[in-house]
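Report on one structure; see the data block that follows.
Computed from heavy atoms alone, side chains included, the values below leave out hydrogens, waters and symmetry copies. No experiment lies behind these values; they were computed from the predicted model shown.
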Amino acid sequence: MSSYKLPSPKDDARAVFEVLKRGGIAIIPMSVGYGITAIDPDAIDRIFRTKRREPHKRHAMVGSYFLHQDIHVLPPKEAGIVKLLTVDLDLPLGVVAPYRLDHPIIQKLPPNILAQSIVEDTLAILVNGGDLLDELSRLATLEKIPLMGSSANITSKGAKIIVEDIEPEILKVADIVLDYGRQQSHHPRASSTMINFRTMKVVRYGACYDVVQDALWRFYGIRVPDDPGTLTLSSQTSANI
């Protein structure tokens, strides 16, 4: 019989949130692979150093569709596209968009953390990352606390879809690790597809990219490039047949 505790997103989110509020670091399951998250600025810096992040890399806000609506500022068409992808089609998505500088949660971010999280006037929020992430974001939003995070892996080593693949130094820095087993959204690769909705440019090719690409063209007539990684893999496969 397995010794693993059965997932309970609401209860587990509360346990994680208490650890985070005490200045801790959590490794949590997300639909696009395991993430590492923190609230305390010193904890966020520890994550940054442990992941060996380069200075140009940015933090993202761990969020939800509700938080995206509250913080991001988008015209009706672009807002409708986010709803189509994350609500109607139930896809995970990194939404990069202009944000409300006067929002209470943004106001609580220390200047150095905010500077490490924005590109020009845009901020990335992970939307639709799974039930646990939605509940954790809800708890943080109720208390107007910024919850920052990234994938639980050494930079450039790829997001992990099972805890066993997470590097030991990443696991060591965490105060709590939730193991929900293998995460589902990892085709063509783990980590979220990320789109800048101010420019409608792809920032990162990630999970469910082919579905996102199809939906943008099918419903809005917007063409985005084919995933170059998939094209490379396809050509290599063909050459080896």
Side-chain angles (χ1 to χ4, degrees), residues 7 9 28-35 37 58 60-72 74-98 119 122-138 149-153 156-162 165 180-238:
I28 59 172
M30 304 184 296
S31 59
V32 291
Y34 281 83
T37 184
R58 292 292 182 261
M61 186 165 285
V62 177
S64 64
Y65 180 70
F66 171 81
L67 189 65
H68 145 74
Q69 285 184 302
D70 210 34
I71 287 181
H72 279 153
L74 285 175
K77 177 182 176 181
E78 285 74 12
I81 296 173
V82 175
K83 178 180 179 295
L84 168 74
L85 296 175
T86 63
V87 178
D88 302 330
L89 299 181
D90 196 28
L91 300 172
L93 189 69
V95 179
V96 179
V119 177
T122 64
L123 173 74
I125 298 179
L126 175 59
V127 176
N128 207 15
D131 291 343
L132 184 136
L133 202 63
D134 282 347
E135 178 64 13
L136 188 57
S137 176
R138 187 186 72 83
S150 60
S151 55
N153 56 271
S156 80
K157 296 300 183 181
K160 312 304 182 186
I161 61 171
I162 56 173
D165 285 347
Y180 274 25
R182 186 174 296 271
Q183 296 305 288
Q184 62 183 358
S185 297
H186 52 82
H187 174 77
R189 61 183 61 81
S191 77
S192 62
T193 289
M194 189 174 289
I195 294 177
N196 185 328
F197 281 87
R198 187 184 63 181
T199 61
M200 291 309 301
K201 301 293 186 184
V202 179
V203 177
R204 183 172 67 201
Y205 300 89
C208 306
Y209 179 74
D210 50 349
V211 184
V212 171
Q213 181 188 44
D214 177 77
L216 289 175
W217 172 245
R218 187 179 299 271
F219 299 109
Y220 281 92
I222 296 173
R223 287 196 182 276
V224 291
D226 291 334
D227 181 346
T230 301
L231 291 175
T232 301
L233 290 173
S234 297
S235 62
Q236 290 173 345
T237 301
S238 299

Distance-only donor-acceptor pairs under 3.5 Å for side chains of residues 74-82, two or more places apart:
none

Fill in: Those residues that, when tested against Tyr34, pass ring-ring contact (aromatic ring centres under 6.0 Å, His included) (two or more places apart)
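Result, ring-ring contact (aromatic ring centres under 6.0 Å, His included) vs Tyr34: none returned.
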Fill in: Step-by-step side-chain contact (heavy atoms from CB on, under 4.5 Å) determination, Gln213 to Asp226
CA-CA 8 Å; Gln213 181 188 44; Asp226 291 334; 2.8 Å; yes
Rounded distance [0.5 Å steps], [atom1] in [X] versus [atom2] in [Y]:
X      : Y      : atom1 : atom2 : answer
Asn128 : Asp90  : CG    : CG    : 5.0 Å
Ile125 : Ile71  : CD1   : CD1   : 4.5 Å
Ile28  : Tyr180 : CD1   : OH    : 9.5 Å
Leu126 : Ser191 : CG    : OG    : 10.0 Å
Ser31  : Leu93  : OG    : CG    : 10.5 Å
Met61  : Thr37  : CE    : OG1   : 10.0 Å

Worksheet item: Listed by chain and number, what are the side chain to side chain donor-acceptor pair (under 3.5 Å) partners of Gln183, not counting sequence neighbours?
Response: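 Gln183: no side chain to side chain donor-acceptor pair (under 3.5 Å) contacts found.
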Worksheet entry | Listed partners of Asp131 passing side chain to side chain donor-acceptor pair (under 3.5 Å), at least two apart |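 Asp131 satisfies side chain to side chain donor-acceptor pair (under 3.5 Å) with no residue once adjacent residues are dropped.
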Looking only at non-hydrogen atoms, find the nearest pair between [X] and [Y] and report the distance.
X      : Y      : answer
Gly35  : Met30  : CA-CE, 3.5 Å
Gly229 : Asp227 : N-OD1, 2.9 Å
Ala159 : Val32  : CB-O, 4.4 Å

Fill in: Gln69, CD atom: more than 12 neighbouring heavy atoms under 6.0 Å
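Yes, because the 6.0 Å sphere around CD of Gln69 holds more than 12 heavy atoms from other groups.
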Discussion item. Test your reading of the model: is there a side-chain donor-acceptor pair from Thr193 to the backbone of Ala207, 3.5 Å cut-off?
Written reply: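 Yes.
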Worksheet item: Within the distance-only criterion (no hydrogens, no angle test), does the side chain of Asn196 pair as donor or acceptor with the backbone N or O of Lys201 below 3.5 angstrom?
Response: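 Flag not set: sc Asn196 to bb Lys201 has no pair under 3.5 Å.
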Practice prompt. Classify the ring geometry between His68 and Tyr65 as parallel (under 30°), tilted (30 to 60°) or perpendicular (over 60°).
Written response: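 Geometry flag for Tyr65 against His68: tilted rings.
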Worksheet item: Can you check whether Val62 reaches Leu133 side chain to side chain, under 4.5 Å on heavy atoms?
Response: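 With C-beta onward as the side chain, the pair touches.
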Enumerate donor-acceptor pairs with a distance under 3.5 Å from any side-chain N or O in residues 215-225 to protein atoms, sequence neighbours excluded.
from: Arg218; atom 1: NE; to: Asp214; atom 2: OD2; distance (Å): 3.0
from: Arg218; atom 1: NH2; to: Asp214; atom 2: OD1; distance (Å): 3.0
from: Arg218; atom 1: NH2; to: Asp214; atom 2: OD2; distance (Å): 3.4

Item to complete: Only pairs at least two apart or in different chains count here, so list each side-chain hydrogen bond (donor to acceptor under 3.5 Å, both in side chains) that has a residue in residues 80-89.
Response: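 Checked against side-chain hydrogen bond (donor to acceptor under 3.5 Å, both in side chains) - neighbours excluded - the pairs reaching residues 80-89 are Lys83-Asp88.
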